[in-house]
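Below is one structure, written out as structure tokens; comments come after it.
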Number of protein chains: 2
Amino acid sequence: MKSEEVARLAGVSRSTVSRVINNYSNVPDETREKVMKVVREHNYMPNTSARVLAGKGTDTIGLFIFNVHDENNPGHIYGNSYFGPFVNAVVDRCNHNGYSVLIHTLYKEADCLRIPAAFSEKRMDGAILIGTEKNEAIDQLIARADHPLAIVDYNPRAVSLSASPQARIITVNSGDDAGIADCVDYLAGLGHCRIGFITGRLLTWSAERRLRGFKACMKGRSLHVAPQWMLSGDFSRQKTLVAMQAMLVAGDLPTALIASNDDMALVAIDTLRNAGLRVPEDISVIGYDDGLAAPLVRPALTTVRMPFLEMAGSAVEGLVALLADEEPAIHTVTLPVRLIVRESCAPPS
Amino acid sequence: MKSEEVARLAGVSRSTVSRVINNYSNVPDETREKVMKVVREHNYMPNTSARVLAGKGTDTIGLFIFNVHDENNPGHIYGNSYFGPFVNAVVDRCNHNGYSVLIHTLYKEADCLRIPAAFSEKRMDGAILIGTEKNEAIDQLIARADHPLAIVDYNPRAVSLSASPQARIITVNSGDDAGIADCVDYLAGLGHCRIGFITGRLLTWSAERRLRGFKACMKGRSLHVAPQWMLSGDFSRQKTLVAMQAMLVAGDLPTALIASNDDMALVAIDTLRNAGLRVPEDISVIGYDDGLAAPLVRPALTTVRMPFLEMAGSAVEGLVALLADEEPAIHTVTLPVRLIVRESCAPPS
DNA sequence: CTGAAAGCGCTTACAG
DNA sequence: CTGAAAGCGCTTACAG
């Protein structure tokens, strides 16, 4: 079924069919109804490629997910398990706004070239990037951006500095430093002063900010940041395990540990427990994300709640707004986080 | 940049550019290289819409995810948390096969119409459905299928019976009955004979087969299936909670409980524990899925491992094969599962 | 081996 | 308010 047949059956021209389909105003109700009747009866839907080629937008948004392969557990590609709900929320909001979403997974820097490629091929009108790791390809993308971009978890200043003059970009972050500050405040309030930290993937803006926030906050409270309690977790279970074991072997332990995500916190708890230590009696542990498992594990995990849905919403709405307007614009939004106190922390013994 | 410019710069016709781009054989190396040089220098990529309109495939696969809204926790749309890794695997495999993927989330029966709509609009060449719930719209889709379909978790017989003669469909399932049989065998081996069961969403083929498998297996062992131990969980945390509490109030408890997914098992454990019971000492619990949380909770969850990656792989490879061939075909694949014994079961006290 | 031409199914000035 | 015509950027017989 094509518009020509609809036109014939309705006794009008293809132009008119097009006007009705696109809901243009200069069509009398009678004509419109005549056409719609045929459309409904035959379930006509316009060929997307033809529309796009004729000048319409693709009405599709590209979603690019940076994924971390856990070398030790190749099956477990959702290294960033928080992507699940996030992806879902993005798809949902896009669909509600009338956009389809083309989803891609990226594993290495070279994969980033698929973003400009998808624009070149005219497969999408704009793109959302999540879990972005800083690298050359992304810098180039931002520097040459000629299509709207929503970048989740990225340094807004880096964008402002390097974006092309006609760029339309929105960065979406959450209050990573405030979240970590809440953790430190809470632990300090409990009486802890020997606080360790497990870092995330530092190429990631959130991981970097959590680390920086930790150092700044500790400094603000004149608390010593002991190098032997700074563990390199890299958002990886395996790396966290190794770092934890090394610390346990060394024998000098903090009384509390803040992990840059839930997954690493869970591994930390596990390792501690296997070493015969009790959580939270012997050592307190805080996570970050408030993922699906956090309320279910025992002790239930005290953690910082990431506003995934709100971030997804901001990214989509922001992108849709950029799509609707030709004006260059660089926006940034930072959403608040909240410490969710459960059972994994206690005063130092 | 369009093919005409490439042609001009390379000193050939657009036809030749097209032949090179599409890697046709009847082009001498010299001509090919001349064209490719220009293509590389200008980073030319053909406009997808134009290619499709001119008769090429869209090279995109639609991924439709049936999602269950947890009414009680609207934020938590990934009711089926196992979709995370699954989606990732599907996207990965599609990309490796040269396909883009258009992802959609479905929440209610009416949403199913988006599948034929996406075909009508010529947005995709084939579709993968996951978490499909049986309903009228899906029946229609299968009955009229004129494009390749891969349906994960669906009754293969229902497909054979109602599919149109020219249908190209593959159904992908795992051994749900065998998985449940393993659970019952294991529990019986431990000495249990008072075994309860928490059902999933019964509109789902896997949930139905798990239930049927449970009844059959219990019968095979001459074990009584007590109605008061058959809980209606519906893959929902909230419903599971309610059902568990009702059972606890009634007071007549089984010595072991098999849940149709991990999430419900975790809620069951939680509820039991809140009622002062110990798991596994007082009551054993088995899950299904072996999701991210299973090995991390305490007691670590004994559960049936779903072969997510393999299922995603089979769905994609199966669909790609159907896409490559015009022949009608109805295939079905069933992948084996495995009981992962951890800490949540013990002999009855 | 290669090019000129037709055609894919729409949209959009343009003219009336 | 409506239609005829041009055009979007490719691919593909067809002819040579």
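Below, read A as the first sequence line, B as the second, and so on, with proteins coming before strands; counting in each chain starts at 1.
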Q. Heavy atoms under 4.0 Å, any strand shown: does A/N26 hit a base, just sugar-phosphate, or nothing?
A. base

_For a quick check of understanding: with a heavy-atom distance under 4.0 Å over all strands, which category does A/S18 fall into, base, sugar-phosphate or nothing?_
base

- Task: Have a look at A/V12 and say if it touches a base, only the backbone sugar-phosphate, or nothing, with a 4.0 Å heavy-atom cut-off.
- Result: sugar-phosphate

For B/F66 and B/C112 the tightest heavy-atom approach is CE2-SG, 3.6 Å

When A/Y24 and B/A50 are each assigned the nearest nucleotide of DNA chain C, the 5'-most assignment goes to B/A50

Under a 3.5 Å limit on both distances, the Watson-Crick or wobble mate of D/dA13 is none

- [ ] Check the surroundings of atom CD in B/E30: do more than 12 heavy atoms from other residues, nucleotides or ligands lie under 6.0 Å from it?
- [x] no

Looking across every strand, which nucleic acid part, if any, lies under 4.0 Å from B/K122 by heavy atom: base, sugar-phosphate, or nothing? nothing

B/R14 side chain to B/S3 main-chain N or O, any donor-acceptor pair under 3.5 Å? no

Comparing A/R19 with A/R14, nearest DNA chain D nucleotide closer to 5' gives the residue A/R19

Below 30° counts as parallel, above 60° as perpendicular, anything between as tilted: where do the rings of B/F308 and B/F86 land? perpendicular

Students should find that the nucleotides of DNA chain D closing off the region near chain A, any atom under 4.0 angstrom from a heavy atom, are D/dC1 to D/dG9

Between A/D125 and A/T58, do the side chains contain a donor N or O and an acceptor N or O under 3.5 Å apart? yes

Check: NA contact type, A/T48, heavy-atom cut-off 4.0 Å: base, sugar-phosphate, or nothing?
Finding: nothing

- Counting any heavy atom closer than 4.0 Å, what does B/T16 reach on the DNA or RNA strands: base, sugar-phosphate only, or nothing? sugar-phosphate

For A/Y99, is there any backbone N or O sitting under 3.5 Å from a side-chain donor or acceptor partner on A/N95?
yes

* Base, sugar-phosphate, or nothing for B/S49, non-hydrogen atoms under 4.0 angstrom? -> nothing

